[in-house]
Amino acid sequence: MINASKDKIRVLFVDDEYFNLQSFRAAFRKYFDIYLAQTTNEARNILEEKNIEIIISDQRMPEQTGTDFFNEIIKSHPEPIRILLTGYVDIKAVIDAINKGEVYRFLTKPWNDEEVIVTINNAADVFRTRRELKLKNLALERAYSELDEFVYSASHDLRAPIASLKGVLQLIDLEPENTSNYIHMINEIVDKMDKYVINIIHYYRGSRFEKNIEAVDIQKLINELLDEFQYMPEFSNVAVEQEINIDTTIYSDSIKIYLILRNLIHNAIKYQRSENPDKTVKIIIKSNSDLQKLSIEINDNGMGIDSKEGDEIFKIFQRATNVKSGIGLGLHIVNECVNKLEGEISYKSAENEGTSFFITIPFKTIAK
Amino acid sequence: MKKAILIDDNKYDILILEKLIRINKLADELYSYTSPTMVLKQIDSLELSEGDYLFIDIMMPEMNGYELLQELSNMNIPLDSLNVILVSSSIDPRDIDKAKEYKSVKKLLQKPISSQMLLNATHQ
C-alpha cells in the first residue's frame with residue numbers, strides 16, 4: 001500500500017463554469033492532484049473511480065446546488081471532506097450546511113489562493129487522520145481476535161500435555177514397578193510442550209517484529225536446519241535432496257527466511273507416509289538477480305493435503321490432519337513471514353501423493 | 001462383562017484411561033481409537049450392548065466429540081442405552097455447558113482423570 005502521507009492530496013473541484021475549472025487547476029496543480037467536474041454527474045463518476053480526499057464544490061449550479069450534491073453523496077461517499085465555494089449571497093444556505101455537519105468549511109468566491117491552500121491542507125489532515133484511525137482499528141480488531149484464538153488454543157495445547165503429565169504421575173503411584181516406562185512417556189510429553197512454547201516464540205519473533213535486513217546465507221540456514229532435524233524420529237528414513245542455485249548475495253530478513261524454511265522442511269519430513277519406501281523431500285532454491293526474486297520450492301511425496309482445505313491451512317491453529325500430532329502454528333508462521341517479506345506463497349497437493357509449496361520473495365542486492 | 005470404547009487423539013491419555021479402567025475393573029474388553037472416522041467405520045462390528053462405555057474426548061482435530069456423537073446418532077447407535085462419558089482438558093465454561101445440552105452424555109470429566117472420578121462417574 002502506498003504511503004498515503006507522501007502522496008499529493010487528491011482534490012475534486014466541481015463548478016459549472018468552464019473558466020473557473022481551468023483557473024482552479026492552473027492555480028493549484030503544482031500543490032495538489034486536481035480532478036475537475038463541470039456537472040454533479042461527472043463529479044459522481046470521478047468519485048467512483050478515484051480515491052478523492054477533498055471535494056470543493058460551487059454552490060450555485062444550474063442542475064443542482066452544492067449543498068444538495070453534498071447531501072446526496074454523504075451516503076455513498078462519506079469519507080471525502082466537503083468544502084463549499086460560495087458568494088456572499090448564499091450565506092444562509094452555507095451556515096445551514098455547516099451546522100448540519102455536511103460541510104467542513106466554506107471558501108468565498110472569488111477565492112484567495114493562500115486561503116485555499118491552507119484550507120485544503122487542513123482538510124486533508126482530517127481526512128488522512130481519520131483514514132489512519134480506521135486502519136489501526138481494523139488491525140487492533142484483528143490482533144484481539146488472534147489473541148482470543150491464542151488463549152483458547154493455549155488452554156488446550158498447553159493444558160492438554162499438563163493433564164497428560166498428571167495422569168502419568170498418577171499411574172506411577174498406582175504401578176511403581178513400571179516407573180521407567182512412565183518416565184519415558186513424561187519425557188515425550190514435556191518435549192511436546194517445549195516445542196509448542198518454542199513455536200509461539202518463533203511466531204512472535206518472526207512475524208510480529210519489523211524487518212531486519214542483512215546478508216542471508218541460504219545454504220548455511222539449510223545446513224543448520226538439517227543438523228537440527230536429524231534428531232527427528234522420522235528423519236532417518238527420508239532422503240533429502242537439495243538444489244540450491246544462488247548467484248548473488250541476498251539481503252533480506254534472515255529470521256523470517258529461516259522460519260519459512262524450517263516450518264516447511266519440518267512438515268515435509270514429518271508428514272510422510274510410513275508405507276512409502278522412497279520417502280523424499282526436495283529443497284529447490286533459486287535466485288533471479290534480474291527480478292530480484294528468490295524462489296523456494298519444498299516438495300515431498302508424503303501424505304498430502306485434502307484439496308478442500310484451500311487457504312484455510314494458513315490460518316492460525318489450523319490442523320489439516322489427525323494422524324500426527326501438531327499444533328497448527330507452522331503454516332500460519334510461514335504465511336505471516338511471507339506476507340511480511342511482501343512475497344507470495346501457493347501450494348499444490350494430492351492426498352497420499354505429496355505436497356509442494358512454492359514461495360517467491362523479493363530481495364535486495366545491497367544492504368540498506 | 002462390559003466393553004469400553006475410548007476415543008481420544010492423544011495417545012497418552014488413552015493409555016492412562018485404559019490403565020484406570022483395568023485397575024478399577026470397569027470393563028474387560030477395551031477398544032481404543034485416536035481417529036473418530038475410524039470409530040464410525042468400525043462401530044457396527046463392535047456390537048455394543050446396553051451399559052457399555054463410550055469415552056469420548058471433546059477436542060480432536062478431525063472432528064470434535066460433539067460432531068462424533070451427532071454422527072453416531074445419525075447411524076442410529078442407541079446412545080441413551082450406553083454410558084457416554086465426555087472427557088476434556090478444556091476448562092472453558094462454554095465447553096462444559098455444551099455437554100449439558102446432549103442428553104445422551106452421562107458425564108463430562110476434566111482431565112487428568114483420577115480413579116475416584118472414574119468410579120463416581122460410573123457409580124461403582
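The chains referred to below are lettered A, B, ... by the order of the sequence lines, with proteins before strands, and numbering in each begins at 1. These numbers come from a predicted model, not from an experiment.
At a cut-off of 3.5 Å, with distance as the only test, a side-chain donor of B:Tyr12 or A:Glu188 sits close to an acceptor on the other residue. Counting only N and O atoms by type, the side chains of A:Glu175 and A:Tyr182 include a donor and acceptor under 3.5 Å apart.
With a threshold of 4.5 angstrom between heavy atoms, A:Leu165 does not approach chain B through any atom at all. Residue contact with chain B, scored on non-hydrogen atoms closer than 4.5 Å, involves the side chain of A:Asn178 exclusively. Both the backbone and the side chain of B:Ser114 come within contact range of chain A, judged by heavy atoms closer than 4.5 Å. In this structure, the portion of B:Ile23 lying under 4.5 Å from any heavy atom of chain A is its side chain and not its backbone.
A salt bridge does not link B:Asp28 to B:Lys2: none of the charged side-chain nitrogens sits closer than 4.0 Å to a carboxylate oxygen. Using a 4.0 Å cut-off between charged side-chain N and carboxylate O, B:Lys111 and B:Asp57 make a salt bridge.
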